[in-house]
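First the structure, in the form of structure tokens, and then the observations on it.
Just so you know, ligand 1 is whichever comes first in the structure, and atom 1 is the first atom listed for that ligand. Position 1 is the first residue of the sequence; numbering continues from there.
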Amino acid sequence: MPASDPWWQHTVVYQIYPRSFADADGDGIGDLVGVIAKLDYLAELGVETLWLSPFYASPQADFGYDISDYRAVAPEYGDMDACDRLIAEAHRRGLRVVLDLVLNHTSDQHPWFIESRSSRDNPKRDWYVWRDGARPGGGVPPNNWFNMIGSRGWHYDRATDQWYWSQFLPFQPDLNYRNPEVRAEMLATIRFWMAKGADGFRLDIVNALFEDAEFRDNPFAWKLLPSAEDPGMLFRGTENTLNHPDTLAFMRELRRVVDDFAGGDRFMVGEVIATADEARAFCGDAGDGLHLIFLFESLGVPLTAPAVRALIERYETLFAAPLLPTWVFGNHDRRRRIARLDGSLEKAKLNAAWQLTARGVPFLYNGEEIGIEQHHLPVRTSLDAVVDRFRSWPQPLFDLVCRLAGESLNRDECRTPMQWSDEPNAGFCPRGVAPWLPVTPSYRERNVATQQLDPDSLWHCYRRFLAARRQCAALNAGALELLPASDLPATVVGYVRRAAPGAEPRAVIVLLNCGDAATDVNLPARATPWVSTRARLPEVGADRVRLRPWEGLVLTLGETGVPDLR
Ligand code: NOJ
């Protein structure tokens, strides 16, 4: 039975991209022993849950999102012993571990697919989605379906004269969830990792599991380009390939499996490429689906008071309690948030203050805490060097569409190595070794060691807000009430977070100044500054406080004392 006050509702998740985090064995690729070596760092920073991108056996054509064995560790990342130690060591420090599960597809090098494609009557044939073409001979695919990145999702297999379906890249064939053997196998995989101590799962493109059973064409849609949340494009909808009712039903089955395991305290967060309204359905009408859904509208939202307020309002409406929104500003696929904030560390601090004080579960992406930049790798010179094979259309067109959508052509740019120090290779791997991707040029200033020495750094700002959030029930579990815009200066967003009776402090007020100028805010009640994006707290008068440019501030409300942040 699930607990009444589950830990995942008030946690903060930190995403580790293992390939880029810390290289312990000196081959230029991050590994699990490297992560173990950094657990003290993560505990000191103050995050509570670690999500590790896939480290399973894989040909690494999509860096682990193409799995060839769900129960083995890729040798470049270590072995099962290292994985067991990582989970145990994380738990010893009170950190939770969330694993990444790619249920939708395997690698085309997975033994299941190798068998499946070997002949039409192989017992594994029906583990994948195979279909006759509209005409024999490979000229015409079975129907008009595009994959979620806008190219034809059907791939012809000459040997058996059939097409297989793939929602992502051609080397990632979709598993057939209409086959009960597939469902049973994947549920067993989930139990396997729970038995190993995994506290939860991040489910990759989980809204793509089932397709229309009759393989009907997708209908026309008035939509040329995809957006962050809606992959419909090229005037074609996704009704028959995404968000299928059978996928929603399967979410409930997943939930039962997870809730029934041991203490029932594991959780799942789904990557659902859909609008926030559609995504909410994955939580189940009765809250009996996935625990959390990634919400991606935040990725590109401008850091202006009206935009911030509108997004908070929208999530408060759509994900009203008992549902919870998530706050996601970056990941291993998307342009780094700081690149959308003009590279400004002050704006990044304010963004962190927002992310860590709003109602919902924050997901941090490794390197955000020190402001690692998007490493712009110029297309013309870098194409040969680009290692990410994510591409769908001819290069110039793909580039143009990405730029129009405010995204990067090249996911390498947001996956560069973590910057630990100002040593060569930023301390990610030994000097003299070539890291798998180059470190960003600003690593000499933007690194952990340097920022730890400066109380006014972005790193210390994250640490203060993480500590405040952890200690304060109003921040990690309280209700949120937006202050009316008419009571605040034009650049300021304000909200009160209020905990259930008994918590101390019972309520806090959060003020975010999304502007270049200092501004005075009238306080609605007696309040004491508690934590700021700046190291030094501002002076507060009897009923007003002066916010500095881009300052985020939490004040405790009422007569209660100020909790010590250390
Ligand atoms: C989403 C993952 O975040 C991305 O990195 C991956 O390439 C695709 N799903 C396919 O698994």
Side-chain angles (χ1 to χ4, degrees), residues 13 15-21 30 51-70 74 77 98-110 113 128-129 146-151 153 155 164-175 177 186 189 201-209 226 228-231 238 241-243 247 268-274 279 282 290 292-296 299 326 328-336 363-366 386-392 398 402 407-416 436-437:
V13 184
Q15 180 190 356
I16 293 176
Y17 195 66
R19 203 171 186 83
S20 298
F21 198 60
W51 148 33
L52 289 117
S53 282
F55 51 76
Y56 317 104
S58 161
Q60 308 292 346
D62 189 17
F63 297 111
Y65 288 93
D66 51 327
I67 297 173
S68 55
D69 185 344
Y70 286 81
Y77 296 141
V98 166
L99 301 185
D100 209 318
L101 268 192
V102 187
L103 298 178
N104 181 67
H105 50 265
T106 68
S107 159
D108 62 358
Q109 301 305 307
H110 196 299
F113 189 70
Y128 293 84
V129 183
F146 284 153
N147 60 22
M148 62 165 61
I149 50 178
S151 43
H155 307 284
Y164 68 88
W165 167 245
S166 153
Q167 186 59 261
F168 212 71
L169 293 168
F171 51 82
Q172 291 163 310
D174 271 40
L175 284 162
Y177 275 81
M186 298 319 267
T189 300
F201 300 96
R202 177 262 184 195
L203 305 179
D204 190 73
I205 56 168
V206 73
N207 59 324
L209 298 190
E229 322 81 37
D230 178 0
T238 54
T241 41
L242 290 175
N243 308 332
T247 304
M268 295 174 291
V269 54
E271 186 196 30
V272 174
I273 312 292
F282 282 76
L290 302 183
L292 294 172
I293 304 294
F294 287 138
L295 300 175
F296 292 131
L299 287 167
T326 55
V328 181
F329 287 101
N331 62 33
H332 60 292
D333 294 330
R334 308 305 294 269
R335 226 168 123 220
R336 280 200 178 263
F363 282 79
L364 278 47
Y365 175 48
N366 55 203
V386 165
V387 287
D388 179 21
R389 289 169 58 186
F390 172 64
R391 253 346 85 76
S392 59
F398 190 59
C402 285
E407 279 306 324
S408 163
L409 164 72
N410 174 2
R411 296 184 301 180
D412 296 349
E413 294 186 347
C414 64
R415 298 176 175 178
T416 57
W436 78 284
L437 285 176

The criterion is side-chain hydrogen bond (donor to acceptor under 3.5 Å, both in side chains); which residues satisfy it with N331, sequence neighbours excluded? none

Could you tell me, atom by atom, which parts of ligand 1 come under 4.0 Å of a heavy atom of E271? 1 (C), 3 (O), 9 (N)

Proximal ligand 1 atoms for R411, defined as those under 4.0 Å from one of its heavy atoms: 4 (C), 5 (O), 6 (C), 7 (O)

Short side-chain to backbone donor-acceptor contact, T238 and T241, under 3.5 Å: no

Ignoring hydrogens and angles, tell me if any N or O in the side chain of S20 forms a donor-acceptor pair with the backbone of R415 under 3.5 Å. yes

Which atoms from ligand 1 have a heavy atom of H105 less than 4.0 Å away? 10 (C), 11 (O)

Answer yes or no for M148: is there a heavy-atom contact with ligand 1 below 4.0 Å? no

Taking only heavy atoms of D333, which atoms of ligand 1 are found under 4.0 Å from at least one of them? 1 (C), 2 (C), 3 (O), 4 (C), 5 (O)

Does R415 come within less than 4.0 angstrom of ligand 1, counting non-hydrogen atoms of the residue? yes

Option with minimal heavy-atom separation from atom 2 (C) of ligand 1, where the choices are D204, D66, I205: D204

Do E271 and R202 sit within salt-bridge range, that is, some charged N less than 4.0 Å from a carboxylate O? yes

Criterion ring-ring contact (aromatic ring centres under 6.0 Å, His included) on Y128 and H110, from CA distance to verdict: CA-CA 12 Å; Y128 293 84; H110 196 299; 7.7 Å; no

Can you check whether Y17's main-chain N or O pairs, donor with acceptor, with Y365's side chain at less than 3.5 Å? no

